Each structure stands twice: as C-alpha cells, then as structure tokens.
Peer 1: 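The structure that follows is given in the form of structure tokens.
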Amino acid sequence: MPYDKVVDSKKLDDGLTLIANSIRNKTIIQNELVFPEGFSKAIKSINEGEHPIYNGQYSVTPKANETVLLQTKNKILKDNVTVEKVPYFETSNDYGETIYIASEVKENANK
C-alpha cells in the first residue's frame, strides 16, 4: 500500500468528533451520530428545518396558581431561558407580619 493512502486514525476520529459536536450544537440530537449516514441525516434536518426555532419568550416569572409552560419541545433555542425570582411580598400590621410567596397580591385591593 502506498504511503499516501495511510490514514492517521486519531486525527480522523478527532475530526469526525468535532463535526459531530458541531451538528449536535445546531440540533437537538445528543445521541451517537454514525458516519456517514447519521451525519448526512442530521445535516439535512438543519437545512430542512425539521426542528423549528423557538420564537416564544425567554424570560418567565413563576405564578402562584398556574403552571407556566414554554413550548420549547423539539425546538431550537437561540438563548438561555431565564426563570425570574419567585415573587415575594411582605405586609405587616399591629397583629404581626404576613408573607406572600409566589402570590399575586393586587395593589390597592381594599380601596
């Protein structure tokens, strides 16, 4: 076998791993990608938009009486999702202090 046909298998493995990780970063694929069919299929899914880009909100504040659901399943996110601090309110009067955690306290409710 001619020497120009010899392949550095470590260099080849490292190169394929780099390409596979780049594909994973652009898709939701996290499992093993088998060369060449798996690479090809994954790249086609990027080009064909198999996994659409998430266009919803990226910041959410927890609610006391309802679940907040961001429809991100099988979508590509362009940024991190931020869950804001849990709402916290304190009120006090002559009889003590009341603390509301994750409660929607309406301002001027008694007026």
Side-chain angles (χ1 to χ4, degrees):
M1 177 189 306
Y3 287 107
D4 64 341
K5 301 292 182 187
V6 175
V7 174
D8 180 343
S9 62
K10 168 119 175 66
K11 189 173 182 178
L12 179 62
D13 285 346
D14 290 347
L16 291 174
T17 298
L18 178 67
I19 294 167
N21 288 337
S22 295
I23 291 169
R24 287 185 190 98
N25 287 335
K26 293 288 183 182
T27 66
I28 63 169
I29 298 168
Q30 293 302 313
N31 54 338
E32 182 180 22
L33 290 169
V34 179
F35 182 81
E37 293 84 13
F39 283 43
S40 177
K41 184 178 178 184
I43 291 168
K44 278 185 179 179
S45 78
I46 295 170
N47 294 333
E48 295 171 1
E50 181 178 313
H51 305 291
I53 294 173
Y54 173 70
N55 290 317
Q57 63 189 58
Y58 283 82
S59 179
V60 63
T61 302
K63 305 263 184 201
N65 299 317
E66 64 182 88
T67 300
V68 178
L69 177 65
L70 302 178
Q71 299 288 335
T72 60
K73 185 175 182 179
N74 294 326
K75 294 184 182 172
I76 298 171
L77 280 72
K78 290 189 169 190
D79 204 351
N80 293 324
V81 172
T82 301
V83 178
E84 301 294 339
K85 292 181 190 177
V86 173
Y88 174 91
F89 305 96
E90 286 183 24
T91 60
S92 60
N93 56 34
D94 294 337
Y95 300 104
E97 189 172 281
T98 302
I99 298 174
Y100 303 93
I101 299 174
S103 179
E104 279 90 44
V105 177
K106 295 182 182 177
E107 291 185 42
N108 303 320
N110 295 328
K111 291 185 178 183

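Computed from a predicted structure; not experimentally measured.
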Peer 1: With a 4.5 Å cut-off on side-chain heavy-atom distances among I, L, V, M, F, W and Y, is there a chain of contacts connecting Leu77 to Val68?
Peer 2: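 As far as the 4.5 Å side-chain criterion goes, Val68 and Leu77 are connected within one cluster.
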Peer 1: Nearest 0.5 Å please: distance from the CG atom of Asn80 over to the OG atom of Ser59.
Peer 2: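 Answer rounded to 0.5 Å: 11.5 Å.
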Peer 1: Report whether Ile43 and Leu16 are members of the same hydrophobic cluster (ILVMFWY, side-chain heavy atoms less than 4.5 Å apart, transitive linking).
Peer 2: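 Yes.
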Peer 1: Between Thr17, Leu18, Ile23, which is the residue that forms a side-chain contact (heavy atoms from CB on, under 4.5 Å) with Asn21?
Peer 2: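 One option only clears the test, and that one is Thr17.
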Peer 1: Please round to the nearest 0.5 Å and tell me the distance separating atom CG of Asp79 and atom OH of Tyr54.
Peer 2: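 If we round to the nearest 0.5 Å, Asp79:CG and Tyr54:OH are 11.5 Å apart.
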Peer 1: Do Ile19 and Phe35 touch side chain to side chain, with heavy atoms closer than 4.5 Å?
Peer 2: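 No, side chains not in contact.
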Peer 1: At their closest point, which heavy atom of Glu32 faces which heavy atom of Arg24, and how far apart are they?
Peer 2: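 Minimum heavy-atom contact is CA-NH2, 3.9 Å.
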Peer 1: Would you say that Thr82 contacts Glu84 through its side chain, given a criterion of any heavy-atom pair below 4.5 Å between the two side chains?
Peer 2: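 Yes, close enough: below the 4.5 Å cut-off.
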Peer 1: In Å and rounded to the nearest 0.5 Å, what is the NZ to CG distance from Lys75 to Asn55?
Peer 2: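 So the NZ of Lys75 and the CG of Asn55 are separated by 8.0 Å.
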Peer 1: Let me check something: do Val86 and Val81 share a hydrophobic cluster, defined by ILVMFWY side-chain heavy atoms less than 4.5 Å apart, either directly or through other members?
Peer 2: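 No, it is not one cluster - the side chains of Val86 and Val81 are not joined through contacts under 4.5 Å.
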Peer 1: What closest approach, in Å, do Val83 and Pro62 show between heavy atoms, and which atom pair accounts for it?
Peer 2: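 The answer is CG1-CG, 4.1 Å.
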Peer 1: Give the minimum heavy-atom separation between Gln57 and Leu70, together with the two atoms involved.
Peer 2: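 Where Gln57 meets Leu70 most closely, the heavy atoms are CG-CD2, 3.6 Å.
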